[in-house]
Amino acid sequence: AGVAALCSAIAGAALALGASGASGTSGTSGTSGTSGTSGARVSRAGVRRLLLVFAALALPASVALTGHAVAARPAWLAMAAVALHALAAAFWAGSLLALWLLLRRADAAAAPALRRFSSIATAAVALLLAGGVAFAALQLQDVRDLVDTRYGNLILAKAGVLFALLLLAARNRWVLLPRFAHDPVRAAVALRRAIVLEMTLVGAAVAVAAVLSATPPHAHAAAAAGTAGMKMDLGTSTSTSTSTSTSTSTGTGTGTGTG
């Protein structure tokens with residue numbers, strides 16, 4: 001739920017920034033009689049940017065201060081990794097809706113925004129991977145935990161969804177985006193379809209992340225340790241009982257012989 005709210009907040013902020021940018025442009029192209037209106041629009045744009053910064057900092061921080069990140073050690077590294085991972089994921093997921101709405105116009109004016117997003121998304125993906133790998137390394141005791149534990153299985157499932165998203169993003173960047181300059185209508189249709197598929201995969205990643213956040217990282221190891229402890233206790237109890245029975249039998253035999 002927290003990740004979904006984070007994505008929604010970033011998406012809304014991106015749309016607000018797009019609207020404020022358009023209004024600011026129209027205000028500057030008007031006459032001097034509209035300077036007051038233009039100033040008000042610029043002021044609203046500044047407030048929206050401030051809200052965007054607040055959402056981008058506060059919401060990842062709230063994700064980092066809850067869940068497994070608090071219990072991991074070192075805590076500062078775990079919380080930093082989760083915050084970076086959440087912020088990068090929110091930027092990527094939240095921007096998809098804004099890009100989908102932008103592509104409804106299907107004109108060459110959308111190409112600069114797509115290129116800007118592509119360049120920023122490269123850094124976002126790097127942060128996403130770095131944060132995710134760092135946090136997984138802190139949570140897993142061994143590489144075999146990826147296969148032997150439910151937590152590790154969920155990490156592999158999430159990594160698979162992320163890999164599919166990266167393939168789609170690479171196709172958008174290197175195949176569909178260059179077509180935009182020559183045939184913007186068809187390229188926009190193809191990009192919108194790809195974005196819908198990306199949003200579907202993002203929903204799957206959020207679902208896996210929700211289950212992951214409720215799964216104890218070391219449940220398998222704890223269960224194994226508990227089973228080993230029970231076996232040890234049972235072995236000790238059996239040995240003690242055997243020793244007691246033996247001593248009792250010896251004592252009884254000695255007493256009988258003496259009599």
Side-chain angles (χ1 to χ4, degrees), residues 1-8 10-11 59-60 63-64 66-69 71-72 77-100 117-177 190-224:
V3 176
L6 181 59
C7 295
S8 300
I10 299 296
L59 291 177
V63 174
T66 58
H68 299 319
L77 180 58
M79 289 189 288
V82 169
L84 287 177
H85 186 75
L87 181 59
F91 167 78
W92 189 357
S95 298
L96 292 176
L97 178 59
L99 291 175
W100 186 85
F117 168 76
S118 180
S119 61
I120 298 174
T122 302
V125 168
L127 289 177
L128 182 74
L129 293 175
V133 170
F135 187 68
L138 291 175
Q139 294 293 83
L140 299 176
Q141 297 177 341
D142 192 271
V143 178
R144 291 174 295 182
D145 289 344
L146 289 171
V147 179
D148 296 338
T149 65
R150 185 167 185 261
Y151 189 86
N153 297 158
L154 290 171
I155 288 180
L156 290 178
K158 188 178 176 182
V161 175
L162 178 59
F163 182 72
L165 279 168
L166 290 175
L167 290 179
L168 274 175
R171 177 176 177 267
N172 294 343
R173 173 66 179 86
W174 303 110
V175 177
L176 298 181
L177 187 56
L191 279 169
R192 289 183 71 188
R193 289 174 180 171
I195 288 173
V196 169
L197 183 54
E198 282 190 72
M199 288 191 288
T200 303
L201 289 174
V202 166
V206 170
V208 175
V211 179
L212 192 63
S213 65
T215 303
H218 309 305
H220 179 79

### Message
To the closest 0.5 Å, what do you measure between CE (Met199) and CG (Leu99)?
### Response
9.5 Å

### Query
Where is the tightest heavy-atom contact between Pro216 and Tyr151, given as atom of each residue plus distance?
O-CB, 4.0 Å

### Query
What residues form a side chain to side chain donor-acceptor pair (under 3.5 Å) with Thr122, not counting sequence neighbours?
none

### Query
Just by modelled atom types, is the Leu177 backbone N or O under 3.5 Å from a matching donor or acceptor in the Asn172 side chain?
no

### Message
For Trp92, run the side chain to side chain contact (heavy atoms under 4.5 Å, CB included) check against Leu87, Val125, Val202, Leu127 and tell me which one passes.
### Response
Val125

### Message
Holding to side chain to side chain contact (heavy atoms under 4.5 Å, CB included), I want the full list of residues that pass it with Val133, two or more places apart in sequence or in another chain.
### Response
none

### Query
Any side-chain heavy atom of Asn153 sitting closer than 4.5 Å to one from Asp148?
no

### Query
Is Phe91 close to Ile120 at the side-chain level, that is, under 4.5 Å between some pair of heavy atoms?
yes

## Note on the structure
Heavy-atom closest pair (Ala81 atom, Ala134 atom, distance to 0.1 Å) is CB-CB, 4.1 Å

#### Entry: OG-CH2 distance between Ser118 and Trp174, expressed to the nearest 0.5 angstrom
7.0 Å

### Query
When rounded to the nearest 0.5 angstrom, what is the spacing between OG1 in Thr215 and CG in Leu154?
5.0 Å

Could you pull out all donor-acceptor pairs under 3.5 Å where a side-chain atom in residues 157-164 meets a protein atom, sequence neighbours excluded?
from, atom 1, to, atom 2, distance (Å)
Lys158, NZ, His85, NE2, 3.2

### Task
Indicate the atoms forming the closest heavy-atom contact of Ile195 with Leu96, along with that distance.
CG2-O, 3.5 Å

### Message
With a 4.5 Å cut-off on side-chain heavy atoms, are Gln139 and Leu212 touching?
### Response
no

